[in-house]
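Right, one structure below, let's go through it.
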Amino acid sequence: MPKHKRERKKRIGQRIATGFALLIYLFIYAPIAVMIVFSFNDQETNYFWNGFTLRWYEKLFYDSSIVEYLWVSLIIAVSATILSVIIGTLGAVGLVRFEFKLKKLVNQSLYIPIVIPEIVLGISLLILFDFIKLPLGFIAIILAHVTFCVPFVIIIMRGRLAGLDLSVEEASMDLGANRMTTFFRITLPMLLPGIISGAFMSFTLSIDDVIISNFVAGPYSTTLPVKILSLVKTGLSPEVNALATIMILVMLFGILANSIVQAVLRKRASTVIKSYF
Amino acid sequence: MMGDAIVTLLDVDKFFGANHVIKKLNLTVQQGEFLTLLGPSGCGKTTILRMIAGFEDASAGSIEVQGERVEDKEAFERDVNTVFQSYALFPHMTVFDNIAYGLTVKRVPKQEIKERVKEMLALVQLEGFEGRRPDMMSGGQKQRVAIARALINNPKVLLLDEPLGALDLKLRKQMQLELKRLQKKLNITFIYVTHDQEEAMTMSDRIAVINNGILEQIDTPKEIYKHPKTRFVADFIGESNILEGQVLDCQDGLCRIQLETGMVLLQSPNRKPADPVMICVRPEVMKYERSPVDGFSLPGTIKDIIFVGAQYRTLIVLENGMEIKVNRVKPEKDLKEGDSVYLYWEPEDALGIGDLKQGGSVNEQQ
Amino acid sequence: MMGDAIVTLLDVDKFFGANHVIKKLNLTVQQGEFLTLLGPSGCGKTTILRMIAGFEDASAGSIEVQGERVEDKEAFERDVNTVFQSYALFPHMTVFDNIAYGLTVKRVPKQEIKERVKEMLALVQLEGFEGRRPDMMSGGQKQRVAIARALINNPKVLLLDEPLGALDLKLRKQMQLELKRLQKKLNITFIYVTHDQEEAMTMSDRIAVINNGILEQIDTPKEIYKHPKTRFVADFIGESNILEGQVLDCQDGLCRIQLETGMVLLQSPNRKPADPVMICVRPEVMKYERSPVDGFSLPGTIKDIIFVGAQYRTLIVLENGMEIKVNRVKPEKDLKEGDSVYLYWEPEDALGIGDLKQGGSVNEQQ
Amino acid sequence: MNSSDTVKINSRLTKRRHFKRNTAPALAMAGPVTFWMLFFVLLPLLYVIFISFMSRDLYGGIAFEFTTENYTNMLKPVYLNVIWQSIKLAFFTTLICLLIGYPFAYYIARKPSKVAAKLLMLIMIPFWTNSLVRLYSLGLLAAPKGFINIVLQKLGLISEPLQMLHTNGIVVVGLLISMLPFAVLPLYASIEKLDKSYLEASSDLGARPAVTFWKVTVPLTLPGIVASIILVFIPSLGMYYVPETLGGGKIMLIGNLIRNQFLVTRNWPFGASLSILLILITLFMLWFYTRVARLDELEVF
Amino acid sequence: GGAAEEEATPGELNVYMWSEYMSESVVQGFEEEFNIKVNFSYMNSSEEATAKLTSGGGDQYDLVMPCDADMTALINGGHLAEMNLDNIPNFANLGEAYKYREFDPENKYAMPYLMNYVYVIYNPETCPIEITKYQDLFSPELKGQISSITGIRNLFPIALVALGYDPNSSVESEIAEAYEWLKGYMANVKVLSSDDTEQAIVSGECSVALVFDGQAGRAFEAVPGLKVADLSDPIQLGVDELVIPANAKNKENAELFLNYLLDAEVMAENLIANPYTCPNVEAIKLTEDSYKLNPAINIPQHMKDNYFLQLDVGEAATVYDEYWTMLLSEQ
Ligand SMILES: Nc1ncnc2c1ncn2[C@@H]1O[C@H](COP(=O)(O)OP(=O)(O)OP(=O)(O)O)[C@@H](O)[C@H]1O
Ligand SMILES: Nc1ncnc2c1ncn2[C@@H]1O[C@H](COP(=O)(O)OP(=O)(O)OP(=O)(O)O)[C@@H](O)[C@H]1O
Ligand SMILES: [Mg+2]
Ligand SMILES: [Mg+2]
């Protein structure tokens with residue numbers, strides 16, 4: 001029992017905050033829990049709980065193309081995220097820092113991919129790719145995803161950049177670091193929380209996209225969400241849940257592996273790196 | 001010791017919006033010189049340093065560093081380093097990384113960096129702080145990191161904006177000595193901002209006194225102190241009692257001056273009778289007795305005697321209400337508040353403001 | 001003038017991680033008192049202020065403000081205001097809004113706020129800056145806004161962390177007077193951090209000297225200066241020459257002390273023969289002659305004479321290589337570097353470190 | 001070499017340096033995004049604008065005859081109503097996302113950076129499955145024979161299943177869990193940089209936490225708030241699938257209206273013009289928002 | 001070309017269609033028999049597939065599966081390749097009603113694959129009335145009891161039929177009447193949904209549902225007591241067509257595949273995994289009882305015969321759209 005009023009108040013405040021956060025997580029995770037539970041449902045279509053089965057996983061296990069869809073989705077999402085974060089981060093800094101003729105136009109055009117319905121963006125990108133003879137498929141999907149991820153990254157980044165004290169950039173250049181070095185060693189670390197947010201956002205948008213992917217996809221570039229949505233149309237089968245569950249597990253596994261690798265690397269490195277994972 | 005001009009400001013003006021902050025500034029700094037900028041808060045010292053460093057563009061005029069216009073080179077291409085008034089330490093780096101930064105970007109070998117950072121840490125007395133982040137340090141510690149970070153690069157020109165302001169007296173004195181030693185040893189040109197007048201006096205080759213964006217005087221410390229050109233300089237540098245009067249007559253460099261409260265003497269080059277004159281008498285050379293002395297003396301009353309550490313300050317009020325400060329190492333034991341005294345000084349101790357210094361050399365003023 | 005204890009620190013410890021920053025600190029500040037914390041950079045002054053303000057929790061011990069434990073009240077509930085070392089001005093507000101903030105949140109009528117902010121702006125000499133944002137101001141200007149922002153609330157306790165550090169000498173003196181005037185007029189308790197010893201000496205009722213988280217001495221400025229309890233205090237406060245020796249004999253409060261380089265005299269309460277003793281002689285009372293004087297004198301050689309503004313500092317090297325500082329208003333005209341001199345002092349001018357002051361009162365040390 | 005040559009070389013040198021100093025970095029940083037926006041957004045947009053002035057041919061192709069009919073057409077009360085409904089829903093969504101997202105982002109941002117990154121990832125992970133599957137699962141959860149009802153019935157709290165599915169309540173929850181990251185991520189990025197010393201100063205000056213929040217925290221994190229409003233409001237304008245799947249589907253928003261034009265009615269010109277309208281509404285709102293809220297200086301736009 | 005040649009360079013066939021809509025064994029059989037690799041991409045909706053074809057995204061594929069309602073637009077827009085019926089002798093296996101249809105009189109473009117009816121199912125235990133015609137759905141007793149499919153081109157024809165008009169009418173006054181009818185219908189509808197319409201009747205939330213037969217099939221499996229309403233009004237039939245995009249690279253392979261699919265035995269096998277209504281009459285003859293007696297497919301013959309198709313309504317589409325928008329935005 002804490003002794004003092006302020007401390008007690010603080011504790012109570014913290015409990016409320018933690019409780020609130022837990023509630024939010026509960027809200028977000030409840031559907032996921034249901035999704036996972038129903039992936040074991042013994043029913044052709046998910047209506048209610050009808051008993052436990054593993055047959056949906058068995059079915060997917062024998063379907064070799066699942067691995068392919070997963071790979072395609074992940075590679076696309078990761079590439080689109082990396083590209084968007086690079087273009088977006090550079091762009092956000094550039095748009096805040098420099099004055100140039102097209103700046104206003106670019107600034108306003110950022111909102112277009114966010115506001116325009118996916119259908120319209122999908123169709124117009126398809127027409128563009130057709131026009132420039134870019135073969136549909138992998139590359140096209142990545143380009144399309146980058147197109148709608150970049151604005152999100154930039155808007156998040158600008159929220160981060162605004163009012164951020166970047167006088168340390170001057171200090172860096174003063175110490176002989178050129179702009180590039182300054183950007184990588186000073187600006188970037190200070191923007192890191194924005195970059196992380198932007199990356200999460202891009203990855204999420206990309207991994208969840210169906211409509212635009214569908215328009216610019218080619219024969220060998222079916223992503224998992226496209227496959228899932230196509231399945232949904234012929235019945236809400238637990239197989240869909242199983243697929244989505246596998247998808248999330250694979251990604252969780254990836255994160256876990258990544259953090260283990262990083263932990264090992266960090267142990268080896270002598271200097272302390274501010275790591276976010 | 002000193003060579004050619006290494007920093008030149010020519011007719012520099014600076015506006016922030018409608019705010020005219022620097023006004024037609026001309027300034028030449030010699031290779032290897034230690035130049036101090038002195039002036040009231042907000043007079044433009046930081047702005048001048050920032051323009052020299054190339055972070056701020058002059059609104060008019062030109063600035064050259066090492067013979068090249070600052071606009072033509074990027075900050076990182078020049079051999080100029082800065083100790084920022086607000087430190088501007090990299091918040092995400094440790095003390096070690098902060099100090100090593102300049103060397104790291106120059107790709108100095110790791111081992112050498114380690115050694116030089118160690119040296120620097122010893123210099124600023126922060127051994128053992130290598131692994132700290134700036135937000136875990138005290139104000140003075142941060143300031144020392146900022147100094148070390150700039151100093152480690154052995155730049156040609158070092159700009160220091162109140163680099164010792166957050167340090168205690170003792171440490172400050174030590175750092176002054178170290179800075180001066182390094183400056184001489186490595187022949188670095190220092191452009192230094194400080195509010196500590198003793199610091200300015202002891203360390204500088206020359207002092208530039210700035211007031212409201214205008215260069216009032218630039219000269220050696222002694223000359224600035226002994227021969228202030230303007231009332232502002234006399235008043236701003238050191239403590240002073242400034243008396244206004246008119247010349248009665250002059251003979252052999254000794255003038256009789258009529259003040260409101262009496263006649264006084266001043267050693268000065270000839271002045272025309274009836275000329276207005278301002279006399280500056282430093283508190284440490286002002287004298288007083290219980291009874292009028294030969295020559296001249298101004299009657300006054302002791303208002304207060306304050307202990308200020310190394311000395312006692314006596315405030316004496318003249319008949320016209322003006323307050324005169326007198327500093328003494330020990331208080332006159334038999335004097336107390338309310339006593340009447342007579343003020344006087346040795347004529348050669350009083351300064352006539354604006355008097356040309358003897359054998360004066362040319363300086364940069366317009 | 002002073003009343004009851006308003007701030008009490010009892011056996012306070014503070015750790016930052018494994019870092020023991022404040023060590024068993026006991027301190028009582030009286031209502032209406034002007035207490036200055038003095039100590040080297042990083043000794044824990046800011047930490048003490050932050051604990052009193054309630055921003056940092058003590059690791060052990062208790063802190064009471066106005067009779068209530070700081071842990072029991074939120075910062076906003078207490079009548080304590082702070083001038084932060086790093087200013088912490090609200091970057092999104094104008095100078096006016098920054099200064100008015102405390103009154104605004106107390107819902108003081110608009111008109112009154114306007115008037116009081118105007119008064120404050122005049123006090124800190126920033127009239128006309130109402131509409132500026134902090135990032136458009138110089139360091140000293142920001143500092144003044146920080147002062148005004150805290151002062152306008154007329155708090156019971158005001159914590160000031162190097163509040164005048166970025167101001168020039170002249171302005172600093174004016175602000176010192178103003179602060180002191182307000183403190184007396186409004187009977188505010190000031191807990192003040194400064195590195196300017198003259199400031200500490202002239203303004204404080206008492207000075208607490210902190211070293212490395214430990215309270216070394218707390219006393220009036222004069223006592224601290226004249227009767228330092230520890231070598232650290234003697235060395236840290238003012239300039240000093242500290243000589244170590246052994247008592248030969250004492251008679252009527254006059255001791256003969258054997259140093260490495262000779263015998264000297266010290267006025268001191270009786271000490272036992274052969275006791276080790278440290279003598280502190282301030283540079284301004286150290287004397288020297290070309291030939292040995294009566295009583296005692298230490299032979300030395302002039303190493304350097306430096307002009308430091310109001311005075312000349314002469315460095316004299318003793319036979320054992322120790323450097324002695326002597327300050328003079330004017331240099332002895334006929335002395336120059338390399339000359340041999342004999343050092344001496346009036347026995348009553350030398351301080352025996354750790355001597356109990358005459359009629360000493362009880363103080364808070366453990 | 002004569003002096004005019006030197007001058008020429010000098011000026012060329014100056015120009016090159018000037019290029020190096022300003023143009024090169026600007027090009028390197030803003031170049032890619034400028035190219036991307038011009039090529040992948042504005043170029044296709046030109047096409048959309050172009051067809052918005054064409055008309056539908058008999059079988060749903062594009063007849064290349066200029067007309068402004070598409071724009072006059074959307075002034076019909078039906079369509080204005082759809083637009084109004086969409087704005088209302090987007091506004092509502094933004095409001096709840098912000099109200100819930102801000103304290104949540106604040107909570108995360110005050111954690112040490114490593115923990116914060118993990119907490120952030122925890123919100124994102126659910127979004128790495130298909131959003132539609134998630135919505136259906138939410139539906140299953142809230143269904144009359146769903147988990148919640150069964151538990152409540154087993155506990156004896158209710159006798160009849162609660163009607164949760166196809167109500168506004170579940171739509172709100174659906175919207176919230178679909179859009180929350182869009183609110184939280186920019187807020188986090190902005191709150192993270194909030195310097196604690198300003199909060200201390202405010203508290204020191206006698207401001208209660210609520211006052212500190214409104215007068216210091218909110219203004220200083222305004223860029224993040226603005227970004228999150230943009231990122232929630234704008235996509236919400238076109239978002240129809242949450243109310244459609246959870247709310248019973250009897251809804252027409254600008255998102256499914258445009259979708260219908262492109263896919264069902266195959267009236268691409270009209271769909272294009274509606275898309276242009278959507279863009280114009282967005283730009284107008286942003287303009288209005290910046291002017292009224294005086295956010296011009298924020299560098300967010 | 002001979003078989004040897006084919007062995008040397010295995011062919012390829014890119015199909016863009018629904019997922020889980022074609023038996024894997026059938027595909028494998030084709031791949032083995034012709035040494036052609038069939039590569040599937042999956043679509044999300046017929047409309048999107050159509051939009052993709054019309055925007056030039058069809059070159060990638062050799063076979064695409066839009067539905068019959070979109071055929072007119074695709075054919076008139078020139079987005080489809082003509083097929084050579086000579087290469088598809090199994091064409092003969094199709095029921096006469098599904099050949100040479102209005103939108104494709106020479107049957108050059110579209111080959112029907114599987115079909116779906118739209119009809120009403122109900123839960124006899126909870127449904128308060130007997131439903132024999134669309135007008136019955138108007139009954140106030142059904143308030144909030146109907147789960148319905150959605151979409152302009154699904155609901156308007158039903159309304160028009162209910163009113164006795166041509167389901168593909170382009171007369172504005174008739175459409176307006178249909179709109180009024182639908183308004184009344186909507187008052188009883190609780191859930192409008194295109195993908196999981198049957199969910200509400202299975203969960204017991206609704207007692208009546210207007211569904212596709214595929215959805216009905218799933219519902220029957222979960223709740224065996226559900227019944228198909230015996231409607232006297234014509235019911236809607238939708239057909240999933242297989243078409244070859246105009247610039248398809250492997251047109252021959254596509255035709256080969258179409259012919260293979262139309263083989264009665266192959267299709268009969270396919271129907272085991274995909275028990276949907278099928279236009280291949282020869283195949284149906286070969287099917288087992290599990291298919292023939294499937295309650296979702298085995299509906300009264302008079303209903304099966306009394307069907308109507310969605311046809312392109314030309315310029316009236318925009319009229320429909322406006323009324324539809326009005327209908328939904330008023331809810
Ligand atoms: N960004 C700015 N916009 C407008 N005015 C500014 C800006 N920066 C500085 N100023 C003004 O310019 C003047 C000079 O500022 P500067 O920082 O050079 O002063 P300083 O001499 O360094 O003062 P200090 O000793 O207080 O640091 C000040 O009056 C200040 O208010
Ligand atoms: N957050 C922190 N974590 C760890 N150590 C800290 C932290 N803050 C301060 N310290 C350490 O505590 C000691 C006291 O710091 P404090 O800021 O109180 O010093 P100070 O007396 O105010 O010094 P200065 O005169 O330089 O401002 C310093 O050695 C500092 O490095
Ligand atoms: Mg400054
Ligand atoms: Mg401090």
Side-chain angles (χ1 to χ4, degrees), chain A residues 17 21 24 27-32 34-35 38 48 87 90-91 93-96 98 100 102 106 108-109 111-117 119-120 124-125 127-128 147 150 155-156 158-160 162 164 179 193-194 196-197 200-201 204 207-208 225 228-229 232 236 240 244 247-248 251 276-277, chain D residues 25-26 29-30 32-34 36-37 40-45 47-48 103-104 107 113 117 120 123-124 126-134 136-138 140-141 145 177 185-186 188-190 192-193 223-224 227 230-231 234-235 237-238 255 258-259 262 275 278-279 282-283 298-301:
Chain A
I24 304 263
F27 262 109
I28 301 177
Y29 274 90
I32 300 301
V34 171
M35 177 191 94
F38 274 82
F48 43 79
I87 296 173
L90 283 174
V93 178
L95 285 172
V96 169
F98 301 105
F100 54 98
L102 293 171
V106 173
Q108 309 218 307
S109 66
Y111 300 108
I112 292 169
I114 304 180
V115 67
I116 207 166
I119 305 272
V120 184
S124 50
L125 281 176
I127 289 170
L128 175 75
T147 303
V150 161
I155 287 169
I156 291 176
R158 280 198 298 206
R160 169 87 190 166
L164 193 70
R179 282 176 195 274
I196 288 174
S197 293
F200 275 148
M201 188 69 108
T204 307
I207 204 84
D208 198 18
I228 288 176
L229 200 68
V232 166
L236 265 176
V240 176
M247 183 161 158
I248 213 169
M251 277 184 272
Y276 274 83
F277 296 100
Chain D
M29 301 190 108
V33 69
T34 306
W36 209 279
M37 288 298 126
F40 288 108
V41 175
L42 290 176
L43 200 61
L45 184 74
Y47 176 74
V48 175
F104 190 52
Y107 175 83
S113 56
L120 271 189
I123 355 178
M124 298 316 295
F127 290 80
W128 295 348
T129 61
N130 194 277
S131 53
L132 211 63
V133 178
R134 245 172 350 164
Y136 280 129
S137 299
L138 186 62
L140 282 175
L141 188 65
K145 289 181 196 164
I177 64 176
L185 289 177
Y188 165 75
S190 178
E192 202 267 351
K193 68 167 195 259
I230 292 172
L231 291 194
I234 299 178
L237 270 180
I258 292 177
R259 186 191 150 87
F262 275 93
S275 306
L278 202 52
I279 291 169
T282 307
L283 293 182
L298 279 184
E299 296 175 343
V300 186
F301 302 97

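Naming: A, B, ... by sequence-line order, numbering from 1 per chain.
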Handout entry: Closest-packed option against chain A by number of heavy-atom pairs under 4.5 Å, given P126(D), A30(D), G238(D)
Key = P126(D)
Fill in the blank from the handout: Heavy-atom closest pair (G94(A) atom, M29(D) atom, distance to 0.1 Å) is CA-CB, 3.8 Å
Practice task
Using modelled atom types only, decide if a donor and an acceptor are shared between the side chain of S137(D) and the backbone of V133(D) within a distance under 3.5 Å.
Solution key: yes
Practice task
Measure M201(A) against the heavy atoms of chain D and call it side chain, backbone, both or neither at under 4.5 Å.
Solution key: both
Exercise for the section: Check whether I28(A) gets within reach of chain D through its side chain, its backbone, both or neither, counting any heavy atom under 4.5 Å. Expected result: both
Exercise for the section: Among A244(A), S109(A), G194(A), G91(A), single out the residue with the greatest number of heavy-atom pairs under 4.5 Å to chain D. Expected result: S109(A)
Exercise for the section: Decide yes or no for L138(D) and V34(A): does some side-chain heavy atom of the first lie under 4.5 Å from some side-chain heavy atom of the second? Expected result: no
Problem - Heavy-atom side-chain proximity of S275(D) to P117(A) below 4.5 angstrom - result: yes
Handout entry: Contacting moiety of I207(A), where chain D heavy atoms sit under 4.5 Å
Key = side chain
Problem - Donor-acceptor contact below 3.5 Å, side chain R160(A) vs main chain S190(D) - result: no
Problem - I127(A) versus chain D, the contacting section by heavy-atom distance below 4.5 Å - result: side chain
Problem - Value rounded to 0.5 Å, distance of OH in Y111(A) from CE in M37(D) - result: 11.5 Å
Completion exercise
Per-residue tally against chain D (heavy atom, under 4.5 Å) across P113(A), A30(A), A21(A) peaks at A21(A)
Problem - Smallest separation among heavy atoms of M247(A) and P225(A), with atom names - result: CE-CG, 4.3 Å
Problem - ring pair (Phe, Tyr, Trp, His ring centres under 6.0 Å) partners of F40(D), counting only residues at least two apart - result: W36(D)
Exercise for the section: Would you mind checking which part of I123(D) comes under 4.5 Å of any heavy atom in chain A, side chain (CB onward), backbone (N, CA, C, O), both or neither? Expected result: both
Practice task
State, yes or no, whether a side-chain contact exists between W128(D) and F200(A) at a heavy-atom distance under 4.5 Å.
Solution key: yes
Exercise for the section: Measure distances from V150(A) to the heavy atoms of chain D and classify the residue's part below 4.5 Å as side chain, backbone, both or neither. Expected result: side chain
Handout entry: Contact class of I24(A) relative to chain D, heavy atoms under 4.5 angstrom
Key = side chain
Exercise for the section: Might you confirm whether atom CZ of F48(A) has over 12 heavy atoms from other residues, nucleotides or ligands at distances under 6.0 Å? Expected result: yes
Problem - Flag, side chain of K145(D) to backbone of L140(D), donor-acceptor distance under 3.5 Å - result: no
Handout entry: Top contributor to chain D interface from T204(A), L128(A), V106(A) [non-hydrogen pairs under 4.5 Å]
Key = T204(A)
Problem - Cation-aromatic face contact R134(D)/F127(D), 6.0 Å, 45 degrees - result: yes
Handout entry: Among the listed options I228(A), I248(A), T147(A), I119(A), the residue most often paired with chain D at heavy-atom distances under 4.5 Å
Key = T147(A)
Problem - Pairs of heavy atoms under 4.5 Å with chain D: top-ranked of V240(A), L229(A), D208(A) - result: D208(A)
Practice task
Heavy-atom distances under 4.5 Å only: say whether F100(A) touches chain D with side chain, backbone, both or neither.
Solution key: side chain
Handout entry: Under 4.5 Å from a heavy atom of chain A, the part of L185(D) involved
Key = both
Exercise for the section: Could you tell me whether the side chain of S124(A) and the main chain of P44(D) form a donor-acceptor pair under 3.5 Å? Expected result: no
Problem - Contact origin within L283(D) toward chain A - heavy atom pairs under 4.5 Å - result: side chain
Problem - Contact leader toward chain A among V48(D), T34(D), L237(D), where contacts are heavy-atom pairs under 4.5 Å - result: T34(D)
Handout entry: Max heavy-atom pair count under 4.5 Å with chain A, selected residue of L278(D), L132(D), L43(D)
Key = L278(D)
Fill in the blank from the handout: When the 4.5 angstrom heavy-atom criterion is applied to I279(D) and chain A, the contacting part is both
Practice task
Check each atom of M251(A) against the heavy atoms of chain D and say whether the ones under 4.5 Å are side chain, backbone, both or neither.
Solution key: side chain
Practice task
Sort Y136(D) into side chain, backbone, both or neither according to what part of it lies under 4.5 angstrom from a heavy atom of chain A.
Solution key: side chain
